[in-house]
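Below is one structure; the comments refer to it alone.
Position 1 is the first residue of the sequence, and the numbers go up from there.
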Amino acid sequence: MSSTLPARQNVAVMEAQYVRWQQNPDSVEPAWAAFFEGFELGMAQLPKPATSAAQASPASPASPRPGAQNTPTASSASNNQDISFFARVVALIYNYRTLGHTQAHINPLEDQPERNPRLALDQFGLGEGDMDRISWNDYFRHGERMPLRDIVAALEDTYCANIGFEFMHIHNTEVRHWVRARIEDRVRLPLANAHEISRKALEWVLEAEIFENFLGKRFLGEKRFSNEGGEGAMILLNAILEACPTNGVREIEMGMSHRGRMNVLANFVRKSLTTVLYEFTPNYEPDSVAGDGDVKYHLGYESYRQLPDGEVRISLAANPSHLEAVNSIVEGKARARQRILSEGREDSSEQINRSLVLPILMHGDAAFAGQGSVAEVLNLSQLAGYRTGGTIHIIINNQIGFTTMPTDARSSSYATDVAKMIEAPILHVNGEKPIDLYWAAMFALEFRQKFGRDVVIDMYCYRRQGHNESDQAAFTQPAISRKISGRPTFGKLCKEQMVEEGILGKEELEKLEANLWQRFEEGYQKMLSLTESGDRTAFSGSTAVAQPDYSHAPVPTGIEMETLQAIGRKLTQIPDSFNVHPTLAKRFIPRRAKALDSGEGFDWAFAESLAFGSLLLEGIHVRLSGQDVERGTFSQRHSVLYDHETTEQYIPLLHLAEKQGKFCVHNSLLSEFAVLGFDYGYSLTYSKMLSLWEAQFGDFANGAQVIIDQFICSAESKWQLPTDLVILLPHGYEGMGPEHSSGRLERFLQLCAERNMVVGNFTTPAQYFHALRRQKHRGFRKPLVLMSPKSLLGNADAVSPVEDFLEGTCFQEALPDPHPFENPEQVDRIIFCTGKVYYDLISHREQHGHYNTAIIRIEQLYPFHRQMVEAMIAPFSSVKHFVWCQEEPLNMGAWSYIWPRLDRTVHGKVRYAGRDAASSPAAGSKAMHYREQNQLLAHAFTV
């Protein structure tokens, strides 16, 4: 449907659509349906004629739709003219609702916006001669009768003032009508206590403005990425914060980039002013953070703000320079906090109160339109496993990127158009109109709390400085730079308005400004005094979490036989009334039952379920997320069973015991970036839950490389934020081609340092079992990156006996050769390997009788347990050849990482057996794959 309904040009189209709508309201697009709905309601207000004969349409006489309320018909030319006039007025109202934002005064750099010719009266067959004719509509101004000129004036005041509204794209009738009513009631019912709101808004703006001026004076030339020109954001944030307690919000989880971040930290989150100022000094060292630290405008902070109506916790997430990358992390943190706050409630097992924690994401206009991760995160908003009850998005619309203008930055009309995909209402607000900013904030919070959906505030403003304080914007935007430099600040405009309206006098304003400056000056002097005294303890205040150093000390993770059997029986005993799929009933479940009875043949998926079940019985929750994880990419997991007749779900891990942890398994949207970020954020916040993210294939993780590089592997060093997130990356060379073979092990190993994470490639299900349990039974938290198996999932040799799961057992960083060497001195070759290739090597040794060779598996590649490996090779005193064998090409896999470590371990030279260096991870042809595989296996025993 066209975004407008011009009555003259499209009468035929309109009538055809109207006939379709009369027959079936669902047969036309929602925008048409909304228009005809309003038209018929308008027609219902006309006096009913004595007789009726003619048929009606929105552009001609009306007739009732079957099943709908009666609409008037006409028996005279006069009545026909009335109906036509009403129809055109309805079209006018509809188009103002749809297009009014295009001529709203939302840009503070424009004196007056251009008029949209599509809203001219003659487009609707109306003219000056109609201006005094009376009309009305139940869906506009509550049916108030008024002349057309008053209707037009009301539409202008409502839809073309300082806020441009986009909401007609919302398909849900209830939501759309609520938004419309809220918008149109705003003109009829102005904000109460407008003067008090104006005073508060002025204080928020001046606080932000004076803070930036203070920093500019005391720390000349220091980068701070100021929000000068965008101070209106402080009105939005503070207005939302003040209203949180009365609207049921106890916490705010925030994410934002560097623009204006120092101002938000100091004046909204209320980070210690002395700490903020100290971070600007050349003597600043992050001695409160164990690691490398980060620049001041990337750091996070957490505080509790005491407000007249209650206390609100605010957490601003630490983030890198990668714009919009933090969004999904904030959403994950918010969902975790919602669970934490709901845990004490009696119904917490049934329902999480998502209204308690509010996510707020602040964006730049260029980033919101340009970064694809924005769409991914928006797509999370209504999904069962990822929703957070709605997010308030605030766009600081500087109308520029770094140096790039909007015409080069996006193809859409607005930076916000991507948000229409989730039918979020969008408010384009003039960033220099305090009352309108305050109203937009109240609308956004009320909408979010009522509907649990996202809402977008697009605050049009400008950037008084360049990209940073040392950048010269006039190089590329000379005209706009001149206009901005000659423009009064927002604070000055607010002061002038307050004096003009008699709200505050000049003396009061001068006192207010002096007090604000004095506050910053006192903080500065205190910082200088503390620095001179050498007392840095006062500068603490990061969100850092201290934890013990990494240790190779064994962690007992085995479980009792009774517990294992109890979990296993629950996993294999399905309710009689549930119709399991025939294949699962014949193979999957009996195979598990057989393992329980015999004590042999525990495969990978069963070991995983036993690990999950044992943690759940200990009260530790488990969350598994990713593409197709419920069944598993390779049809191995089946954590969710579907009734073959009714499609009803049954999740065995939810039925282990009356009191147990929560098992949450969620098939994700087809995204890596947003979903991994979400699960990482969740794991940061909720230490009582084991969080796992599984890629469909390991190499798909490169779609989330920013999350891996900037957060998972480095967050502990930069921000001292530990996590024990588990990342499962199916990996193994089986002839599936370049895109389904490699989890890019080499990239993770390259990121390893300072014992920042654990990287493994296991060979037995029991090892996987213990590694998962170890994540929640150590005194420190580290992410676990696993090259998880594919073909080994169904390999009859890649199974574990029951005794490997029981008490007294634990994870082992390396595994010895299980072959019983009667005379170890006869072994003259040791092959080191990791993962699936071990089984290929064992098979090759048996086929060719190479029993002079021992094969040692490095299960945990990082941190490398050198002492354990040394102990394993010690019995073999006659070894002449040490070999590292891998399936990956020379420039990939573990070789570059493991080579120097093994050389030091064996006190000699370790040789390489594997594929030649390549630009592509694997061959595309199976014939080539098998040829290369046979060659590398033979080479391992002969090199």
Side-chain angles (χ1 to χ4, degrees), residues 30 166-167 169-172 175 253 255-257 317 319 322-336 338 352 354 357-395 410-412 414-426 444 447-448 451-458 623-630 664-682 691 693-696 700-708 711:
E166 289 192 273
F167 68 97
H169 57 279
I170 299 173
H171 294 177
N172 185 299
V175 175
E253 287 286 345
M256 66 180 298
S257 64
N319 71 284
H322 293 64
L323 299 176
E324 308 297 335
V326 78
N327 296 350
S328 59
I329 284 90
V330 171
E331 298 294 344
K333 290 179 63 183
R335 185 170 171 111
Q338 289 164 356
I352 302 297
R354 307 225 173 270
V357 181
L358 168 66
I360 297 178
L361 294 176
M362 300 181 70
H363 315 268
D365 53 311
F368 197 77
Q371 292 292 317
S373 62
V374 171
E376 293 188 28
V377 175
L378 290 172
N379 208 1
L380 294 172
S381 63
Q382 295 299 314
L383 301 181
Y386 307 90
R387 59 184 172 220
T388 56
T391 298
I392 296 179
H393 300 268
I394 298 175
I395 297 176
R410 62 177 186 265
S411 298
S412 57
Y414 293 107
T416 56
D417 284 352
V418 66
K420 291 181 180 178
M421 65 182 280
I422 58 167
E423 302 181 30
I426 301 168
F447 176 86
R448 187 267 178 179
F451 294 108
R453 295 166 60 129
D454 287 29
V455 56
V456 179
I457 300 175
D458 180 19
R623 174 185 169 88
L624 173 62
S625 164
Q627 296 161 24
D628 311 297
V629 296
E630 292 182 4
C664 306
V665 55
H666 300 292
N667 285 343
S668 75
L669 71 159
L670 201 63
S671 155
E672 289 80 36
F673 193 119
V675 178
L676 178 56
F678 186 99
D679 289 322
Y680 166 73
Y682 202 111
S691 294
W693 175 77
E694 181 176 66
Q696 194 174 64
F700 292 172
N702 57 21
Q705 202 65 50
V706 170
I707 302 297
I708 294 165
F711 292 94

Exercise. Is Arg335 positioned over the aromatic face of Phe678, cation under 6.0 angstrom from the ring centre and no more than 45 degrees off axis?
Worked result: no
For this session: Mind listing the closest non-hydrogen atom pair of Val675 and Ser625 along with its distance?
Result: CG1-OG, 3.4 Å
Exercise. Any donor and acceptor pair, going by atom type alone, linking the side chain of Gln338 with main-chain N or O of Arg354 inside 3.5 Å?
Worked result: yes
Seminar exercise, completed: Output for pair (Thr416 OG1, His393 NE2), nearest 0.5 Å, gives 11.5 Å
Exercise. Minimum heavy-atom separation for Ala444 to Ile457, with atom names?
Worked result: CB-CD1, 3.7 Å
For this session: Any chance you could measure Glu324, atom CD, to Gln371, atom CD, to the nearest 0.5 Å?
Result: 6.5 Å
For this session: Let me see the working for Lys333 and Tyr682 under side-chain contact (heavy atoms from CB on, under 4.5 Å), right down to the final yes or no.
Result: CA-CA 5 Å; Lys333 290 179 63 183; Tyr682 202 111; over 6 Å; no
Seminar exercise, completed: Across all chains, not counting sequence neighbours, the side chain to side chain donor-acceptor pair (under 3.5 Å) partners of Gln382 are none
Exercise. So, for Ser328 and Ala674, which heavy atoms are closest and what is the spacing to 0.1 Å?
Worked result: CB-O, 3.2 Å
Seminar exercise, completed: CG of Leu676 to OG of Ser671, rounded to nearest 0.5 Å, is 9.0 Å
For this session: Kindly give the heavy-atom pair with the smallest separation between Ile329 and Tyr680, and that separation in Å.
Result: CG1-CD2, 3.5 Å
Seminar exercise, completed: For Val706 and Ala325 the tightest heavy-atom approach is CG1-CB, 3.9 Å
For this session: Describe, in one word, how the ring planes of Phe368 and His363 are oriented to each other, choosing from parallel (under 30°), tilted (30 to 60°) and perpendicular (over 60°).
Result: perpendicular
For this session: Go through the steps to decide whether Phe447 and Val175 satisfy the test side-chain contact (heavy atoms from CB on, under 4.5 Å), and finish with yes or no.
Result: CA-CA 9 Å; Phe447 176 86; Val175 175; 3.6 Å; yes
For this session: Flag the pair Val357 / Thr388 as yes when at least one side-chain heavy-atom distance between them is below 4.5 Å, and no otherwise.
Result: no
Problem set entry | OG-CG distance between Ser257 and Leu323, expressed to the nearest 0.5 angstrom | 5.5 Å
Problem set entry | Flag side-chain contact, heavy atom, 4.5 Å: Val629 against Trp693 | no
Exercise. In Å, rounded to the nearest 0.5 Å, how long is the span from OG1 of Thr391 to CD of Glu331?
Worked result: 3.5 Å
Exercise. Would you say the side chain of His666 lies within less than 4.5 Å of the side chain of Cys664, judging by non-hydrogen atoms?
Worked result: yes
Exercise. Checking Arg387 side chain against Arg453 main chain: does a donor-acceptor pair fall under 3.5 Å?
Worked result: no
For this session: May I ask you to check whether Glu423 and Asn172 show a side-chain donor-acceptor distance below 3.5 Å?
Result: no
Exercise. Considering all heavy atoms of both residues, which atom of Ala375 and which atom of Val418 are nearest to each other, and what is their separation?
Worked result: CB-CG2, 3.9 Å
For this session: Assess the side chains of Asn702 and Gln705: does a donor N or O sit below 3.5 Å from an acceptor N or O?
Result: no
Exercise. Hey, does the side chain of Arg448 reach the backbone of Gly389 with a donor-acceptor pair shorter than 3.5 angstrom?
Worked result: yes
Problem set entry | Interatomic spacing from OG in Ser373 to CG in Asn379 - rounded to 0.5 Å | 12.5 Å
Problem set entry | 4.5 Å side-chain heavy-atom contact, Leu358 and Glu253 | no
Problem set entry | Leu669 and Leu380, any side-chain heavy atoms less than 4.5 Å apart | yes
For this session: Taking atom types as modelled, find out whether Asp679 and Ser691 have a side-chain donor-acceptor pair closer than 3.5 angstrom.
Result: no
For this session: Ignoring hydrogens and angles, tell me if any N or O in the side chain of Asn667 forms a donor-acceptor pair with the backbone of Glu630 under 3.5 Å.
Result: yes
Exercise. Side-chain donor-acceptor pair under 3.5 Å between Gln627 and Glu694, yes or no?
Worked result: no
